[in-house]
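Data block below; observations after.
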Amino acid sequence: MKTANENNKTDKTSLNFIEAIIEEDLKNGKNDSRVHTRFPPEPNGYLHIGHAKSICLNFGLAQKYNGKTNIRFDDTNPTKEEVEYVDSIKEDVQWLGFQWDAEYYASDYFEQLYQWAIQLIKEEKAYVDDSSQEEISKGRGVPTSPGIESPYRNRSVEENLDLFQRMRQGEFPEGSRVLRAKIDMASPNMHMRDPIMYRILYAHHHRTGNEWCIYPMYDYAHGQSDSIEGITHSICTLEFEVHRPLYDWFCKALRIHHPQQIEFARLNINYTVMSKRKLLQLVQEKHVSSWDDPRMPTISGLRRRGYTPESIRNFADTIGVAKRENVIDISLLEFCVREDLNKKALRTMAVLDPVKLIIDNYPADKVEYMTAVNNPENPKDGVRNIAFSHELWIERSDFMEDAPKKFFRLSIGREVRLKYAYIIKCTGIDKDENGNITAIHCDYDPQTRSGMPDSGRKVKGTIHWVSATHAKTAEVRLFDRLFHVPNPDDADEGKTFIDNINPDSLKIINAYTEAEFLHTDVLSNYQFERMGYFCIDKDSTPEKLVFNRTVSLRDTWAKKHT
RNA sequence: UGACCAAUGGUGUAAUGGUAGCACUGCAGAUUUUGGUUCUGCCUGUCUAGGUUCGAGUCCUGGUUGGUCAACCA
C-alpha cells in the first residue's frame, strides 16, 4: 500500500540526478535493466539521521524501479567493529520500514578477495611493500607534487606471491608489510598512488574470528563486494568521489561486473552534529546518557524521542538529493514530525508547571465527568470522560497579573474557557510571603458547560486543566537542542564542539496528568493539549510514567512575546 | 598553489535551451472550545565576466566562492 506522500513522489515528473541516471540506464538496457542498490554501513557505531537519508534513498530507488536492495556490513576493520552495532543497525533499518533482499558482510568475501589479489600479483598489478608506515606515507608525496616509487615496487611475481602468502600465514608482524596496487605514484589523485590493498592485523573479527590476519582496505573491498552482489548503482557520499577512479580501476583490472558509483551530498542539520566519531565522543564522555539519548540525532535517539518512521521517511523525501553541500534547518525535521503526529497522536491534558485553581462557587464534594475528544483530526479515535472538580491544576503561564490586552488567558476579572468544561471568571489570587502566587480563585458559570446552550458564548481563550484530586503525577523530560549554536563545529580557538553543548538541553519536571491514558506502551505518542507532543519512555514503571517531549506545538504567541 | 566536485530566495530543492515553481522558515489575515490544525495572502533567488543562440538558470571559456583528497579508517 502506498501512502499519499509516496504517490506524490511517484507522480512528480521531476527526477533527482540519480533517478535521471537510472532511467537513462534503464532506457539503454544497461545491467539487463535491473536496479540493485545496497546500504553498506560499517558496524562501528549507531545509525544517525544522515544514514536514514541514505537508507531511504537506496531502498526508495529499488522500490521505485522494482529493484532490490541488500544490506551489507562493511566489516573490513576488526579493530573497530562489534556485533552490538550490527544488531542495532538491523533494528534501525527495519524500524524505518525497510526490509533488505539479502544480508551480506564484506567478510563473506575475504577468500574471494584474497584470490583476486593473487590474480593481480600474477598480472604484475600488485606488490608486497616492506616499507614502514612512515616511509609509505612519505613516498606518497602531497597532492600538489608527485610521490616516489617504493624500492620494493618491482619485485618479481614469485617473490610477491611468496611474501603475500606468508603474510596470510601470519609469518610477519603487524605493520611490517602491506600489499599495494601498482598504479601511478605521479597521479594527481592521491588514491591512485599505489594504494594499500591489505594490511596485517592480528585482531579478532566479529565474524571470521581469528581465521585471518590480513584484512582488505575499504577501496579494495567495496567495489568488488558490490560487483559480487550484482549491484548496479553503488550510491555513496561525496567524499568518496576521489575514490571512484580506484573503484573503477579494480573492477577493470579484475574484469568483473562493474557497478556505477554515484556520489551525493551527505545530510547536515543545524544545531547538531552528524559524525559517528563525534556522536561516539558524546556517549563516551557522558554528555548524553547513551546512543539512544533522545537528544541524539541517531535513529534510536529519534525513536526514543517519539519520532515516527513515517516522519523520518517524509523528511528524507522532502530534503531531496543533490551534489551540493547543504545544511538543513532543524525546523524542517520538527515540521515533519508535527505533521505526522498531528494526525496520529491521541490528545490528553497535562499540566507541566502547575498552579492551583479554586472554583469557589463549585461544590467542594462534587465531581462531574466531561467528555473530551481523543483526536479532533480523527473522529474514529472516539471520546473519553475526565473528572472535573472544585480544585484544578492549571498552567502557571496561563495566568498573568498585569496582562496585556492581547493576553487571552486568565487575569483578575477576565473570563476564560476550561476546555471541555465551563467558562470561568477569575476573582482573585492568593500569595505567600514572598509574593509567589499559591492559588487562583474563580467562579464558574453553570450554564456554560460544554454542550449547553450558553456554552457557545465567545471567550477569547481556552485553557487546559486537570482535576487536583484525580490527577496523577508523571515525570516529564523536556528536551531542547543539544547545541546552542547553529554550527557546533564553529568553536573558538582551542575549543571544540563539546564547548557548544547547550547546558539546558534536558529539564526534568513532574507534571500532573489525567488519571488514565488509553495506551501506556513504550513509545505511545500523545499530544498534551496546547503543550506539545510527548511519548512514553522506556524508563516508565507501572507506578509512574515517564514522558519524553518529542517537540513542542507551534506557538505563535510565545514566539512574539519572548 | 595540484586534481576532482559544486554554485538558484534566509534554508533546501525543481525547471532536462522556451512563463524561475514547490516545501520549510519569517510576516500579515481568516477560521478555531488547542494562541494547535486548516485556509488565504506577502517578502525574498539564478555567484561573476565574456561567448554560442531567435532565446541561457540550463551549453562553452575565464574568474570568484565553497567542498573533498596527503589513515596500514570507512
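Keep in mind the model is a prediction, meaning the values are calculated, not measured. Scope of the values below: all heavy atoms of this structure, side chains included, with no hydrogens, waters or symmetry mates. In the text below, chain A, chain B and the rest are named by the order of the sequence lines, each starting its count at 1.
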In whole angstroms, the gap separating P of B:rC5 from CE of A:Met190 amounts to 18 Å
May I ask you to verify if any side-chain N or O of [X] is less than 4.0 angstrom from the OP1 or OP2 atom of [N]?
| X | N | result |
| --- | --- | --- |
| A:Ser187 | B:rA3 | no |
| A:Ser14 | B:rU13 | no |
| A:Lys458 | B:rU33 | yes |
| A:Lys323 | B:rA7 | no |
| A:Arg193 | B:rA70 | no |
| A:Arg199 | B:rA74 | yes |

[X] and [Y]: side chain donor to acceptor below 3.5 Å:
| X | Y | result |
| --- | --- | --- |
| A:Tyr114 | A:Gln165 | no |
| A:Asn70 | A:Glu229 | yes |
| A:Glu135 | A:Gln133 | no |
| A:His233 | A:Arg38 | no |

Categorize [X] for me: base, sugar-phosphate, or nothing, with a 4.0 angstrom heavy-atom threshold over every strand shown.
| X | value |
| --- | --- |
| A:Ile319 | sugar-phosphate |
| A:Thr371 | nothing |
| A:Arg417 | base |
| A:Gln527 | base |
| A:Phe240 | base |
| A:Val459 | nothing |
| A:Leu553 | base |
| A:Tyr420 | base |
| A:Ser132 | base |
| A:Glu325 | sugar-phosphate |
| A:Thr79 | nothing |
| A:Pro41 | nothing |
| A:Tyr533 | nothing |
| A:Asn326 | sugar-phosphate |

Smallest separation among heavy atoms of A:Trp465 and A:Ala387, with atom names: CZ3-O, 3.1 Å
Take A:Lys406 and A:Ser331, find for each the nucleotide of RNA chain B with the closest heavy atom, and name the residue whose nucleotide sits nearer the 5' end. A:Ser331
Per nearest nucleotide of RNA chain B, the residue lying toward the 5' end, A:Gln133 or A:Arg347, is A:Arg347
Based on the glycosidic angle (syn within 90° of 0, else anti), state the conformation of B:rA71. syn
Can you tell me the pairing partner of [N] across any strand shown, Watson-Crick or G-U wobble, with both distances under 3.5 angstrom?
| N | result |
| --- | --- |
| B:rG2 | B:rC69 |
| B:rC43 | none |
| B:rU11 | B:rA23 |
| B:rG35 | none |

If you take any heavy atom closer than 4.0 Å to RNA chain B, which residues from residues 42-50 of chain A end up in contact? A:Glu42
If the [atom1] atom of [N] is compared with that of [M], how far apart are they to the nearest Å?
| N | M | atom1 | value |
| --- | --- | --- | --- |
| B:rU25 | B:rU13 | C1' | 15 Å |
| B:rG26 | B:rC43 | C1' | 8 Å |
| B:rU37 | B:rC73 | C1' | 48 Å |

Can you list the steps and then say if A:Tyr271 with A:Phe483 is a ring-ring contact (aromatic ring centres under 6.0 Å, His included)? CA-CA 5 Å; A:Tyr271 294 100; A:Phe483 297 92; 9.3 Å; no
Less than 6.0 angstrom from the centroid, inside 45 degrees of the normal: does A:Arg180 satisfy that with respect to the ring of A:Tyr127? no
Quick check: any donor-acceptor pair below 3.5 Å linking the side-chain of [X] to the base of [N]?
| X | N | result |
| --- | --- | --- |
| A:Arg409 | B:rG35 | yes |
| A:Arg324 | B:rU13 | no |
| A:Glu377 | B:rG36 | yes |
| A:His191 | B:rA3 | no |

Anything under 30° is parallel, anything over 60° is perpendicular, the rest tilted; go ahead and classify A:Phe534 against A:Phe547. perpendicular
So, for A:Phe17 and A:Phe264, is the gap between ring centers shorter than 6.0 Å? no
Heavy-atom side-chain proximity of A:Arg338 to A:Arg554 below 4.5 angstrom: yes
